[in-house]
Every structure is written in structure tokens, then in C-alpha cells.
Amino acid sequence: MRMDNEAMLALKGINFAPYMQLSTALIGKSRHAGGNMFRHQFDTMSILIDYGYIDSVLLKAALIHDLIEDIEGFDHSLILQIEPEAKQVYDLVLEVTKKPGQLKSDYLKQVMRQGSSRAKILKTADRISNMISLGFVTSPEFIERYCDETEFYIFPIALESNYDMYQELIQLVMTRRRYLEDSGYLDRK
């Protein structure tokens, strides 16, 4: 999608710097697929922009969406004192944050059934980033579980939120399942 003048002006007015600084706490925090959580935050935001989202709260939340969940003892007040939209950003991050001890399936059901439209869009972009990263994962069990989870929980969220993102997720799941077939993993089960 080409950026129009209105979108460029909207993005120009968003102060990402404080959120980018907060997300640096995720540098070095590794991901199952390799790389680190810091880069994943930016990948998620870029997916949102690629799909035409210019909602400042959504984009800022994308930059820090894993911060509370993945940094033990993170001081939440650091988010809340950033700027006027910080409370909305914080609330959105909490919506997409799995609570300690919460089963992943319960967390995903909660987003699916009770999440705001912003939370569903953010979770969909987050999962697209995660599914792309699966191309670097070598554990067939993990890939299969992640594909199953995506089909069962994330497809309904994506379908409700953004049909084009839903279509991308379908393609990502299909390519990962094809990899599992080609590797002979499914024959060994």
C-alpha cells in the first residue's frame, strides 16, 4: 500500500522515541525462532503500517507489546508517564499480555472473545510476525503446535479484524504445514 499524504502527516505527528527507548529493555531477550524480542516489536509495528494502520495508540503499543510479559519486574509507571496517550497505550498492552500462570489457550480465548478491536488487530500483527519467524525454527513439534494454535485461536481474531491479515496468516500456516509434510515429520507421528 502506498502511503498517502494524510497517512504521512499522521505518522509524522507520532512521537515514537519514548516507546522505542522502553523497548530497548528487550534487547538480548531471545526468541524461540532466533533474534530478539526488541526486533520483534518493530516487526509487529511495521506489519501494522504495511496494512495501513496509522492509529498512534496501536503503533505505540506494538513497540512495547511484550515488555510487561517478558521483562520480570518491569516498572509499569515508566509507560504511564511518557505522554498524554500513554494510559491508552498501557491499557492496550495489558489487553495483549498473558497474565502470570494463565494458560496460553485461556489468554488467547480472552483476546478472541473480549479483546477490543485494537487488541485483536495488534494480536493478529504479532502472530504474523511470529509465524514469519517460524521459518527459522527447527522444532517440528513447536511449529505444529503454533500452527494449530494459530488456526484455532488467531484465525477467528484475524477474520474479525482484518481480512487481508487473515489471508496472510492462512498462507503462513500453509507454508509451515507444507514444511512439516516435506520434512517427513507428519509421517513419523
Side-chain angles (χ1 to χ4, degrees), residues 16 18-45 47-48 53 55-83 85-134 137 139 141-162 165-166 169 172-173:
F16 290 113
Y19 296 93
M20 293 166 72
Q21 179 59 41
L22 282 179
S23 70
T24 62
L26 292 162
I27 292 175
K29 180 92 173 146
S30 63
R31 302 183 73 209
H32 189 83
N36 67 49
M37 293 302 294
F38 173 73
R39 291 184 207 138
H40 167 63
Q41 309 310 289
F42 284 82
D43 290 344
T44 302
M45 184 182 74
I47 289 165
L48 290 168
Y53 291 101
D55 177 326
S56 60
V57 171
L58 182 61
L59 296 175
K60 290 171 185 177
L63 283 172
I64 60 169
H65 74 274
D66 286 320
L67 203 55
I68 294 171
E69 187 174 329
D70 289 343
I71 300 297
E72 191 173 324
F74 179 77
D75 181 359
H76 297 209
S77 70
L78 293 174
I79 298 171
L80 292 168
Q81 60 190 329
I82 290 179
E83 45 95 34
E85 287 185 327
K87 175 71 167 106
Q88 291 177 73
V89 172
Y90 175 75
D91 290 344
L92 179 53
V93 169
L94 288 180
E95 271 193 271
V96 297
T97 298
K98 185 174 147 303
K99 312 301 181 268
Q102 186 178 30
L103 293 175
K104 186 138 185 209
S105 59
D106 290 340
Y107 154 70
L108 292 172
K109 285 178 198 171
Q110 179 181 329
V111 174
M112 185 171 57
R113 294 177 182 152
Q114 300 163 355
S116 67
S117 61
R118 281 178 172 157
K120 291 175 180 182
I121 291 165
L122 180 54
K123 189 66 205 164
T124 301
D126 173 48
R127 185 51 65 112
I128 288 171
S129 174
N130 290 336
M131 290 299 295
I132 291 167
S133 296
L134 276 185
V137 173
S139 166
E141 295 84 8
F142 183 85
I143 294 169
E144 183 179 39
R145 180 180 59 78
Y146 220 73
C147 286
D148 291 346
E149 187 181 275
T150 300
E151 288 179 354
F152 191 75
Y153 299 110
I154 306 299
F155 279 6
I157 293 171
L159 184 58
E160 179 183 333
S161 303
N162 184 305
M165 293 171 87
Y166 168 70
L169 277 171
L172 288 165
V173 167

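Here, residue 1 is the first one in the sequence, and each next residue gets the next number.
You'll find the side chain of Tyr90 reaches within 4.5 Å of the side chain of Ile68, heavy atoms only. Using a 4.5 Å cut-off on side-chain heavy atoms (C-beta onward), Ile79 and Ile64 make contact. Proximity of Ser105 to Glu149: side-chain heavy atoms (C-beta onward) are nowhere separated by under 4.5 Å. Inter-residue side-chain proximity for Met165 and Tyr53 is flagged as met; some heavy-atom pair is nearer than 4.5 Å. When side chains are defined from C-beta on, Phe142 counts as touching Leu134, because their heavy atoms get closer than 4.5 Å. Between Thr150 and Leu172 the shortest side-chain heavy-atom distance does not fall below 4.5 Å. Within the 4.5 Å cutoff, the side chain of Arg31 has heavy atoms near those of the Asn130 side chain. Under the 4.5 Å side-chain criterion, counting only non-hydrogen atoms from C-beta, Asn36 is not in contact with Leu26.
Using cut-offs of 30° and 60° on the angle between ring planes, the pair Phe74 and His76 is tilted.
In this structure, the side chain of His65 engages the main chain of Ala62 through a donor-acceptor pair within 3.5 Å. In this structure, Lys99 contributes its side chain and Thr97 its backbone to a donor-acceptor pair below 3.5 Å. Between the Gln110 side chain and the Gly115 main chain, no donor and acceptor come within less than 3.5 Å of each other. Put simply, the side chain of Tyr107 gets close to the backbone of Val96: a donor and an acceptor are under 3.5 Å apart. For the pair Thr24 (side chain) and Met20 (backbone), a donor-acceptor distance under 3.5 Å is absent. With hydrogens and angles ignored, the 3.5 Å screen pairs no side-chain donor or acceptor of Lys109 with any backbone N or O of Arg113.
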Worked check of side chain to side chain contact (heavy atoms under 4.5 Å, CB included) between His40 and Asp126: CA-CA 8 Å; His40 167 63; Asp126 173 48; 2.6 Å; yes
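The shortest heavy-atom contact between Val57 and Asp55 is N-OD1, 2.9 Å. Taking all atoms of both residues into account, the shortest heavy-atom contact from Ala25 to Ile71 is O-CD1, 3.4 Å. Minimum heavy-atom separation, Leu169 to Met131: CD2-CG, 3.9 Å. Across every non-hydrogen atom of Lys120 and Val111, the tightest pair is CE-O, 3.3 Å. Across all non-hydrogen atoms, the minimal contact from Leu92 to Ala61 is CD2-CB, 3.6 Å. The two residues Met37 and Ser30 make their nearest non-hydrogen contact at CG-O, 4.3 Å.
In this structure, Arg127 is positioned above the aromatic face of Tyr146, its NZ or CZ under 6.0 Å from the six-membered ring centre and within 45° of the axis.
In this structure, CG on Asp91 lies 9.5 Å from OG on Ser116, to the nearest 0.5 angstrom. Separation of atoms CD1 (Ile128) and OH (Tyr166) is listed at 12.5 Å; rounding is to 0.5 Å. Leu108 CG to Ile154 CD1: the interatomic distance, rounded to the nearest 0.5 Å, is 4.5 Å.
Checking each of Lys29, Lys98, Gln41 against Asp66 for a side chain to side chain donor-acceptor pair (under 3.5 Å) leaves exactly one that passes, namely Gln41.
Using a 4.0 Å cut-off between a side-chain N of Lys or Arg and a carboxylate O of Asp or Glu, Asp148 and Arg145 do not qualify as a salt bridge. Under the 4.0 Å criterion applied to side-chain N and carboxylate O atoms, Lys123 and Glu95 are not assigned as salt-bridge partners.
Within 6.0 Å of atom CZ in Phe152, 12 or fewer heavy atoms from other residues, nucleotides or ligands are found, so the atom counts as exposed in its surroundings.
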